[in-house]
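Here's the structure, in structure tokens; my notes come after.
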Amino acid sequence: MTNKFFSDEHIVTHLGDEYDRFHGAVVPPIYQNSLFVFKDFDQLAEAMKDEQNSYLYWRGTNPTVQIVEQKIAALEKGEKCKLFSSGMAAISSAILTFLKAGDHVLSISNIYGPTTKFFTYAEKFGITHTNTLQTDLDTIESLIQPNTKVIYLESPTTMTFKLVDLKAISDLAKQRGIKTIIDNTWATPIFQNPITLGIDIVVHSVSKYLGGHSDLVGGALITSKEIMDHLFYHEYQLLGGVMPPYEAWLLMRGLRTLPLRMKAHQESGMKIATFLENHPSVKKVNYPGLKSSPDYELGTKQLKGYAGLLSFELANNSFESVRKVINSLKQFQIGVSWGGFESLVISPNYGYNKEQLVASGMDPGLIRLSVGLENADELMEDLNMALQVQSQTV
Ligand code: PLP
């Protein structure tokens, strides 16, 4: 059903909406029913032959959820998508689908924290794990073990926003019969399509940009028909972390404006990154869209744009400085998560974990901004004010 040649704008506004099927409704309805009934037992028996493509039960296939799955598969240029109840449900299902006791996973540092915790959790099932701060191809190659079955990536990485070479790593993995998974939440399918670079599974927390309105939690997993044919009957249906239809409907509504919102996030993100880069209280800005970024060149090869999530490091990197800046900001709300309409600020430095941060390659003066859809000039004024307060009082 996926047509690689539709534009992103067409996919989000029309693909799968099928007006004739829903009495001309311009917005498809929410199928808020747990099960479907059949005319006779023969019809049910027929549907049971292909649960993936039949409407039987909520924990399988639901028409509202299915429309959104079709849109996201098309945006990611993948054959199939399934939606999950959270990003972590999609991530854990993707990882488990390729692993059994005795297998090894290689992942990079500074990915989403709970994903790394999941690898540690999986040790109790006999799965081992290596984490690497260095992500150049030689290091990745040297860390592959005879039992490595999965390489797990995020590009850019969480908090530090470093890129990894997706094509080079997926080529290497293919030569060794290793599967690759990437968390593509930052770039969204508007700015990066890892499947076209050879990655096997793409996962998203749709709680971020894809939903975009900070009113839902969900996950997406996009892959080939072959992988999904297995995953649907196992990790999807048996672990059971599936997306409810109301959340899918909210997600469909969010997706309508995804290309427009990403353009706005990119424009404001770039303005703010440039502003911070030139600010005397700032030592470094982590944003692959800046020409000064060591990853800029690689970014031009695999990214089509840059999202609005970035971090910067204070010249004075004490916890007191970090605290002062965050508490002085008025336009940026203090909160976890990101990718919504509202600007948010956070730091991984809580005042009691400096050694842990340094060990994982993070500067204690690191502050993360999720640049929302407010006026960028007002956001910059706010940052300027907070940086001034910090430099005068700390
Ligand atoms: N991936 C990234 C990069 C995230 O930032 C998050 C959540 O913050 C997740 C995955 C997990 O998603 P969820 O909270 O929807 O389970």
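Both ligands and their constituent atoms are indexed starting at 1 by order of listing.
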May I ask you to list the atoms of ligand 1 that are less than 4.0 angstrom from any heavy atom of [X]?
{"X": "Ser205", "value": "9 (C), 10 (C), 11 (C), 12 (O), 13 (P), 15 (O)"}
{"X": "Gly87", "value": "12 (O), 13 (P), 15 (O), 16 (O)"}
{"X": "Ser86", "value": "15 (O), 16 (O)"}

Identify, for [atom], the protein heavy atom at the shortest distance, and state residue, atom and that distance.
{"atom": "atom 1 (N) of ligand 1", "value": "Asp183 OD2, 2.6 Å"}
{"atom": "atom 11 (C) of ligand 1", "value": "Tyr112 CE2, 3.3 Å"}
{"atom": "atom 15 (O) of ligand 1", "value": "Ser207 OG, 2.7 Å"}

The one among Met88, Glu154, Lys208 that brings a heavy atom closest to atom 14 (O) of ligand 1:
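Nearest option to atom 14 (O) of ligand 1, by heavy atoms: Lys208.
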Is a salt bridge present between Asp17 and Arg256, judged by a nitrogen-to-oxygen distance below 4.0 Å?
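Result for this pair is yes, salt bridge flagged.
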State whether Lys174 and Asp171 are salt-bridged, where the test is any N-O pair (Lys NZ or Arg NE/NH1/NH2 against Asp/Glu carboxylate O) under 4.0 Å.
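No, Lys174 and Asp171 are not salt-bridged.
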Within the distance-only criterion (no hydrogens, no angle test), does the side chain of Thr157 pair as donor or acceptor with the backbone N or O of Glu154 below 3.5 angstrom?
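Not confirmed, Thr157 side chain does not pair with Glu154 backbone.
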Which label fits [X] and [Y]: parallel for a plane angle under 30°, tilted from 30 to 60°, or perpendicular past 60°?
{"X": "Tyr121", "Y": "Phe125", "answer": "perpendicular"}
{"X": "Phe161", "Y": "Trp186", "answer": "tilted"}
{"X": "His213", "Y": "Phe341", "answer": "tilted"}

Which bit of Ile91 gets closer than 4.0 Å to ligand 1, counting heavy atoms only: side chain, backbone, both or neither?
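Side chain only; the backbone of Ile91 stays clear of ligand 1.
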Under-4.0 Å heavy-atom contact with ligand 1, by part of Trp338 that carries it
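Within the 4.0 Å criterion, Trp338 contacts ligand 1 through side-chain atoms alone.
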Could you check whether atom OH of Tyr57 has more than 12 heavy atoms from other residues, nucleotides or ligands sitting under 6.0 Å from it?
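For Tyr57, atom OH is not crowded (no more than 12 foreign heavy atoms under 6.0 Å).
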Among Glu247, Lys82, Arg59, find the one that has a side chain to side chain contact (heavy atoms under 4.5 Å, CB included) with Val242.
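Output: one option passes, namely Arg59.
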Quick one: does His204 get within less than 4.0 Å of ligand 1, heavy atoms only?
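So His204 does not count as touching ligand 1.
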Ligand 1 contacted by Gly218 (non-hydrogen, < 4.0 Å)
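True for this residue.
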